Amino acid sequence: MCVKYTPDSAANMSVEGGKANWGDSPMVINPWDEYALEEALRIKDKYGGNVTVLTMGDEIAKDALRTSIAMGCDHGVLILGESSSMYDTRFTSQVISKAIPRINDFHLVFFGKQAIDGDTGLVPMSVANLLDWPGLSYVSKIVSIDENNDGIEVVRLLDEGYQECIAKLPCVISVVKEINEPRYPSFVGIRKASKVEIEVIAVDELVDVEVEPSLLRWSVSKDSVDTYDDPEILQGDDMSSIARALITKLTADKVI
Amino acid sequence: MHSGIWVYIDHFQGELLTVSSEVVTAARLLADKMGLSVTAIVCGHNIDDLIDQIARSDVDYVIACDDITMADFRYESFGALLAKLYAEHKPKIILMPSTHRCRDLIATLSVKLDVSAITDGVDLNVENDIVQVTRPVYAGKLNAKVSVSDLFCQIISIRPRTFAVCESNQERSEVLQVDPVYEESEIVIKVVSYDNYSTKKTLSDSSIVVSGGRGVGGPEGFQPVRQLAETLDGALGASRAAVDSGWISYDHQVGQTGKTVSPDLYIACGISGAIQHQAGMRTSKIIVAINKDVQAPIMKFATYGIVADLFDFIPVLIEELNSRSV
């Protein structure tokens, strides 16, 4: 189960020297990853096994692992390096795909469909390709897992609707929000998480130092649409006259 | 001759997606600036009509793979074919629409080519043969300008409604037919069925989106909102509050953990306009807010505000719209 530690979705973002800044807003587990965590825990409840939670970043990212363990994960692994924003998806995917077989012999690897900071959504399927495992993206339901034949059947939510498909284990899954309702960390879980030992692997142990952490140049800026004019409140004697006023405006704007 | 700019044409069972035509426009703009050709790549099964449609649009060449193994999009077979074609023709830039299928394809291709891809472009500029892509980050709260740091193959996906639909009905470009790389037995993932799908305009493709929020009060409350969307030939959206309450299905959700839309007209009915909802619709051209509460956050960034009960106002608006069109 792979998670990313991201600024809270309600954070007010600003820019400093071309880099994103979220002030004193809290860091949270990427909201999409919570659905993946929940699904991994449900699969464990149904089929047994245990759930390892993996993240990549600096020491702070350990908090994301502790929260995941408080929710019910058994084991946490931090791939220690720079803050995750220093890496492009190519590098991140290479590191994660090297770490997975080293940690354990996994049947399923879960991801949220994307992270709310970089919003690229490329890591899950890049990892699937690097591991050479089947990758099932945008999964909205795990229909069945056939432990004897290593078969898995899922429903995916695509742009046009749902697609049911089958593949083989081990496989990589990214999930959409529709799949479940994530649980909260339990009191017992929080106590357990505070004591549990987090396994740490350095990024350098997994990929050659010559591999560029990013092949991309980035600079971030504040969106200009942040400044809005005050709205024009349409008024009239009755609903009909307001409706007509709106239709006149929208026609003039050429949007209807 | 196929080495300039590639456009991957995404379609659903042979039906061209509007955004694919928009990406052809983007490719043509870049091609003209950089002195390159435009090649469209189209894969599927029984897609003669689609191939013809693409060959008559604003592209110079078409590479097509029409085979039973390509009937369903699977990143394994499509990715293997694109990687093989890349090795043969070495295009400088590969553009794709930002769709679910293409995100899988981009991830696959970027691994096979060992490059970094850039997704969700909303603006493209060229500097020294390198494309500068503007893309939203942090759910649209910030913009990033991203480019590759060296002259690698540049793989870029483009959001719907960023460019105009390309010109069509031109002379038919030359079509190169190619064979798939994989046999069916070499592809692990099998598609069993499709359910509840439709190729009608999706939320992200629509020029008009009408959304309902907590203010609709329940599943029945979506009726007037849905009717307004139908009257305007727009798509139906919803806020997270409405989806989480179980009033409407998740595929309608607009916002940070839903879809991002950028229509010409966005009508928010009974939506307060939390920052997470804004993230999904703030780039709409005209925003109309219908809300009882003049203090609701949505009123701050709406173009037009209607301070009214949506159940009083929407039926009257529908009536006025209908009488106008008669």
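Below, chains carry the letters A, B, ... as their sequence lines are ordered, and counting in each starts from 1. Just so you know, these numbers come straight off a predicted model, no measurement behind them.
Among B/Val146, B/Ile130, B/Asp264, the residue making the largest number of heavy-atom pairs under 4.5 Å with chain A is B/Val146. Of all the listed residues (A/Val220, A/Val155, A/Leu216, A/Asp253), the one sharing the greatest number of non-hydrogen pairs under 4.5 Å with chain B is A/Leu216. Ranked by heavy-atom pairs under 4.5 Å with chain B, the list A/Val176, A/Leu157, A/Val15 is led by A/Leu157. Between chain A and the residues B/Val307, B/Leu232, B/Val316, B/Ile208, the most heavy-atom pairs under 4.5 angstrom are made by B/Val316. For the set A/Gly135, A/Pro31, A/Ala167, the count of heavy-atom pairs under 4.5 angstrom toward chain B peaks at A/Gly135. In terms of heavy-atom pairs under 4.5 Å with chain B, the best-connected choice from A/Glu153, A/Arg90, A/Glu164, A/Lys113 is A/Glu164. Note: A/Ile233 leads A/Asp238, A/Val127, A/Ile233 in heavy-atom pairs under 4.5 Å with chain B. Options A/Cys165, A/Ser214, A/Ala128 differ in how many heavy-atom pairs under 4.5 Å they form with chain B, and the most are formed by A/Cys165. By number of non-hydrogen pairs under 4.5 angstrom with chain A, the leading residue of B/Gly258, B/Ala144, B/Ser149 is B/Ser149. Ranked by heavy-atom pairs under 4.5 Å with chain A, the list B/Val243, B/Asp72, B/Leu17, B/Val192 is led by B/Val192.
Interface remark: B/Leu317 contributes backbone and side-chain atoms alike to the contact with chain A (heavy atom separation under 4.5 Å). If you measure heavy-atom distances from B/Gln253 to chain A, the contacts under 4.5 Å come from the side chain alone. When heavy atoms are compared at a cutoff of 4.5 Å, B/Gln256 approaches chain A by way of both its backbone and its side chain. The contact between A/Pro7 and chain B is made entirely by side chain atoms (from C-beta outward), counting heavy-atom distances below 4.5 Å. B/Asp195 touches chain A through backbone and side chain together, each having a heavy atom under 4.5 Å away. Of the atoms belonging to A/Asn12, it is side-chain heavy atoms, and not backbone ones, that fall under 4.5 Å from chain B. For chain B, the nearby parts of A/Ile242 are the backbone and the side chain; heavy atoms of each come within less than 4.5 Å. For B/Ala289, no part lies under 4.5 angstrom from a heavy atom of chain A. Using a 4.5 Å cut-off between heavy atoms, B/Ile118 contacts chain A through its side chain alone, with no backbone atom that close. Looking at A/Asn30, there are no atoms closer than 4.5 Å to chain B (heavy atoms on both sides), in backbone or side chain. The contact between A/Gln94 and chain B is made entirely by side chain atoms (from C-beta outward), counting heavy-atom distances below 4.5 Å. Contact of B/Val111 with chain A is made through the side chain alone, with heavy-atom distances under 4.5 Å. Only the side chain of A/Thr251 has a heavy atom closer than 4.5 Å to any heavy atom of chain B. Only the side chain of A/Leu246 has a heavy atom closer than 4.5 Å to any heavy atom of chain B. Contact of A/Trp32 with chain B is made through the side chain alone, with heavy-atom distances under 4.5 Å. Residue B/Val133 does not touch chain A at all, counting heavy-atom pairs closer than 4.5 Å.
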Might you work through the side-chain contact (heavy atoms from CB on, under 4.5 Å) test for A/Ile247 and B/Arg324, ending with a clear yes or no? CA-CA 9 Å; A/Ile247 293 169; B/Arg324 179 197 62 135; 3.6 Å; yes

Any chance you could lay out the salt bridge (Lys or Arg N to Asp or Glu O under 4.0 Å) test for B/Arg101 and A/Glu160, step after step, and finish with the verdict? CA-CA 11 Å; B/Arg101 280 180 293 273; A/Glu160 296 83 10; 2.8 Å; yes

Walk me through it: do A/Leu122 and B/Thr119 pass the test side-chain contact (heavy atoms from CB on, under 4.5 Å)? CA-CA 8 Å; A/Leu122 292 177; B/Thr119 54; 3.8 Å; yes

Would you check, one step at a time, whether the test side-chain hydrogen bond (donor to acceptor under 3.5 Å, both in side chains) holds for A/Asp88 with B/Ser116? CA-CA 7 Å; A/Asp88 65 10; B/Ser116 288; 2.4 Å; yes

Would you check, one step at a time, whether the test side-chain contact (heavy atoms from CB on, under 4.5 Å) holds for A/Ser240 with B/Glu320? CA-CA 7 Å; A/Ser240 303; B/Glu320 291 291 342; 3.6 Å; yes

Evaluation steps, side-chain contact (heavy atoms from CB on, under 4.5 Å), between A/Gln163 and B/Val191: CA-CA 7 Å; A/Gln163 181 196 59; B/Val191 175; 3.4 Å; yes

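Using a 4.5 Å heavy-atom cutoff, the side chains of B/Leu265 and A/Lys254 are not in contact. The closest side-chain heavy-atom distance from B/Tyr75 to A/Asn129 is below 4.5 Å. Residues A/Asp119 and B/Arg135 have side chains in contact (heavy-atom distance under 4.5 Å, counting atoms from C-beta outward). Within the 4.5 Å cutoff, no side-chain heavy atoms of B/Val137 are placed close to those of A/Asp117. Between B/Tyr304 and A/Lys249 the shortest side-chain heavy-atom distance falls below 4.5 Å. A heavy-atom distance below 4.5 Å is not found between the side chains of A/Glu232 and B/Thr303. At a threshold of 4.5 Å between non-hydrogen side-chain atoms, the residues A/Leu250 and B/Ile286 count as touching. Side chains of A/Lys177 and B/Arg240 form a contact here, defined as non-hydrogen atoms less than 4.5 Å apart.
With A/Asp159 contributing its side chain and B/His100 its backbone, the two residues share a donor-acceptor pair below 3.5 Å. With hydrogens and angles ignored, the 3.5 Å screen pairs a side-chain donor or acceptor of B/Arg103 with a backbone N or O of A/Thr120.
Heavy-atom minimum distance, A/Pro134 versus B/Val188: CG-CG1, 3.7 Å. In terms of heavy atoms, A/Leu215 sits closest to B/Asp114 at CD1-O, 4.2 Å. Between A/Ala11 and B/Ile275, the shortest heavy-atom distance links the atoms O-CD1, 4.2 Å.
If you take CD1 on B/Ile306 and CG on A/Leu234, they are separated by 4.0 Å, rounding to the nearest 0.5 Å. Atom CD1 in A/Ile166 sits 10.5 Å away from atom CD1 in B/Ile189 (nearest 0.5 Å). Annotation: the span from B/Thr257 atom OG1 to A/Glu34 atom CD amounts to 10.5 Å, rounded to 0.5 Å. The line from CD1 of A/Ile256 to OG of B/Ser207 is 11.5 Å long, rounded to the nearest 0.5 Å. A distance of 7.0 Å separates OG of B/Ser249 from CD of A/Glu178, quoted to the nearest 0.5 Å. Expressed to the nearest 0.5 Å, how far CG of A/Leu158 lies from OH of B/Tyr194 amounts to 7.5 Å.
Heavy atoms from other residues, nucleotides or ligands lying under 6.0 Å from NZ of B/Lys285 number more than 12.
With 3.5 Å as the limit, one finds a donor-acceptor pair spanning the side chains of A/Ser137 and B/Asp104.
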